[in-house]
Amino acid sequence: MGSGPTFAQDADRSVSAMPEGLWGQPEVNVPDGGGTEQVRRVTVPATMVYDYTPGAAPTRFLRGLQEGRILGERAEGGTDVYVPSRGMDPVLGRATTESVEVGPKATITTFCVVHIGFGENAPPPPFVSALILPDGAAVSLYGTVLGIDHTEVRIGMRVRPVWKDPAERTTSFENITHWEPIDEPDVSAEELKGHM
Amino acid sequence: MAESPDAGEILRAPLTIGYDFQRTTGPVIGAFFTALAERRMLGIRDTGGRVVCPPVEYDPESGEPLTDMVEVGTEGTVRSWSWVSRVREGQPLATPHALALIQLDGADTSMLHVIDAADPSEVSTGARVRVRWAPESVDGFGNLVCFELAEGKG
């Protein structure tokens, strides 16, 4: 080995995986250049552009969101309301035939505290990302919980959606900007069973 | 049997998924990129004495780590090439160009890069090319914009 890992001098490195640095690579002999500061990291963007079609059932869900409504669907003879619907009841194996409005009030079924924000629209960390069960639905939606300190968020907490202004709404899940707490008693874990 | 509710026209939209990955370079690629910012090209000497460019971190035969970086030329010889007539998004050049294996002077291996040429008739195996540098220093490989044809025959 050479004179040791180069990473010891890398003050900019915030994550160090191993005591000897990430590699056991030796230092290299470089012919004299212009004294430019050594490159240690580079940004490598990777992007995929898709032509996305959600299909018939999610289209119904997204058109509902444009009207400020959360629409689930139920199969004939079934009791569970799926939201967003994929067009079938996965337990019964039958197509959904009935559109059912759920929420807007909802319950947090589980959550995590996000310390490293991701993407342009992420709120300042730390914030809470949660699975949220709209009243009347059998399954939860993903959502961000704001308007409360992250240390006070709990499973069973009651929330409601905060919508964009009607004029700004599109056929997008982003019409619900986030969820905020409402002054109602928590739902017990027993009642949430099977809806996680 | 009941029908599913009518969805109206099925939605369709572009969806872009991307992330700016941060990659650490390590000593060899870091030195190579640093040299590019100084408008120099570096290779690395393998255990058999050949100069490999772009530099590799380990010997292609034995797997030994390599440490002896050497400066090579910014001109070279086309060893093989093909013509890209339909340019896809994200390529180094937006106009039709050659994709070529280029052996820089002083190197024993060839590197894959593009040659900016107006027409495939201008490009040939054995043609001489030189580096076109970015007008201003940028991150990593971006300093090397492309190659352009030079006079002479290799």
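Reminder, nothing fancy here: chain letters follow the sequence lines and each chain counts from 1. For the numbers below, each heavy atom of this structure counts, side chains included, while hydrogens, waters and symmetry mates do not.
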Which atoms of B:A35 are under 4.5 Å from chain A, going by heavy atoms: the side chain, the backbone, both sets, or neither?
neither
Assigning hydrophobic clusters by single linkage (Ile, Leu, Val, Met, Phe, Trp, Tyr; side-chain heavy-atom cutoff under 4.5 Å), is A:F61 placed with A:W163?
yes
Neighbourhood of chain A inside residues 106-115 of chain B, taking heavy atoms under 4.5 Å as contact
none
Go through the structure and list residues passing side chain to side chain donor-acceptor pair (under 3.5 Å) with A:R86, not counting sequence neighbours.
none
Of the listed residues (B:E38, B:M69, B:R39), which shares the most heavy-atom pairs with chain A below a 4.5 Å separation?
B:E38
Output the distance between atom CZ (A:R63) and atom CD1 (B:I10), rounded to the nearest 0.5 Å.
8.0 Å
Just by modelled atom types, is the A:T43 backbone N or O under 3.5 Å from a matching donor or acceptor in the B:R23 side chain?
no
Looking at B:V28, B:I29, B:V70, B:I17, which has the largest count of heavy-atom pairs under 4.5 Å with chain A?
B:I17
Interatomic distance, CG@B:L11 vs OG1@A:T59, rounded to 0.5 Å, equals 4.0 Å
Quick one: does B:L42's side chain get under 4.5 Å of A:V30's, heavy atoms only?
yes
Should we count CZ of A:R160 as having more than 12 external heavy atoms under 6.0 Å?
no
Going only through I, L, V, M, F, W and Y residues with side-chain contacts under 4.5 Å, is there a path from A:M88 to A:V102?
no
Top residue by heavy-atom pair count (under 4.5 Å) with chain A, among B:P5, B:G18, B:G30?
B:P5
Contact leader toward chain A among B:I44, B:L66, B:D20, where contacts are heavy-atom pairs under 4.5 Å
B:D20
In one Ile/Leu/Val/Met/Phe/Trp/Tyr side-chain cluster, 4.5 Å: A:I148, A:V113
yes
With chain B as the partner, which of A:G87, A:S99, A:A56, A:A57 has the greatest number of non-hydrogen pairs under 4.5 Å?
A:A56
Closest heavy-atom contact between A:V28 and B:P27?
CG2-O, 3.9 Å
Set of residues satisfying ring-ring contact (aromatic ring centres under 6.0 Å, His included) with respect to B:Y19, sequence neighbours excluded
A:F118, B:F21
Region of B:E9 in contact with chain A, defined by heavy-atom distances below 4.5 Å
both
Does one hydrophobic cluster hold both A:Y82 and A:L192, with members joined at side-chain heavy-atom distances below 4.5 Å?
yes
Can you check whether anything in residues 165-182 of chain A gets within less than 4.5 Å of chain B, heavy-atom wise, and list it by number?
A:T171
Under 4.5 Å between any side-chain heavy atoms of A:D51 and B:R12, yes or no?
yes
Looking at B:T67 and A:E27, what are the two nearest heavy atoms and their distance?
CG2-O, 3.5 Å
Show your reasoning for whether side chain to side chain contact (heavy atoms under 4.5 Å, CB included) applies to A:T47 and B:T16.
CA-CA 7 Å; A:T47 298; B:T16 303; 3.4 Å; yes
Kindly say whether A:R41 contributes a backbone atom to a donor-acceptor pair with the side chain of B:T24 at under 3.5 angstrom?
no
Tell me whether A:L141 shares a hydrophobic cluster with A:V139, the cluster being built from Ile, Leu, Val, Met, Phe, Trp, Tyr side chains joined at under 4.5 Å.
yes
Evaluate whether atom CD of A:E37 has more than 12 neighbouring non-hydrogen atoms of other residues, nucleotides or ligands under 6.0 angstrom away.
no
Please give me the minimum heavy-atom distance between B:E71 and A:P31, naming the atom from each residue.
N-CG, 3.7 Å
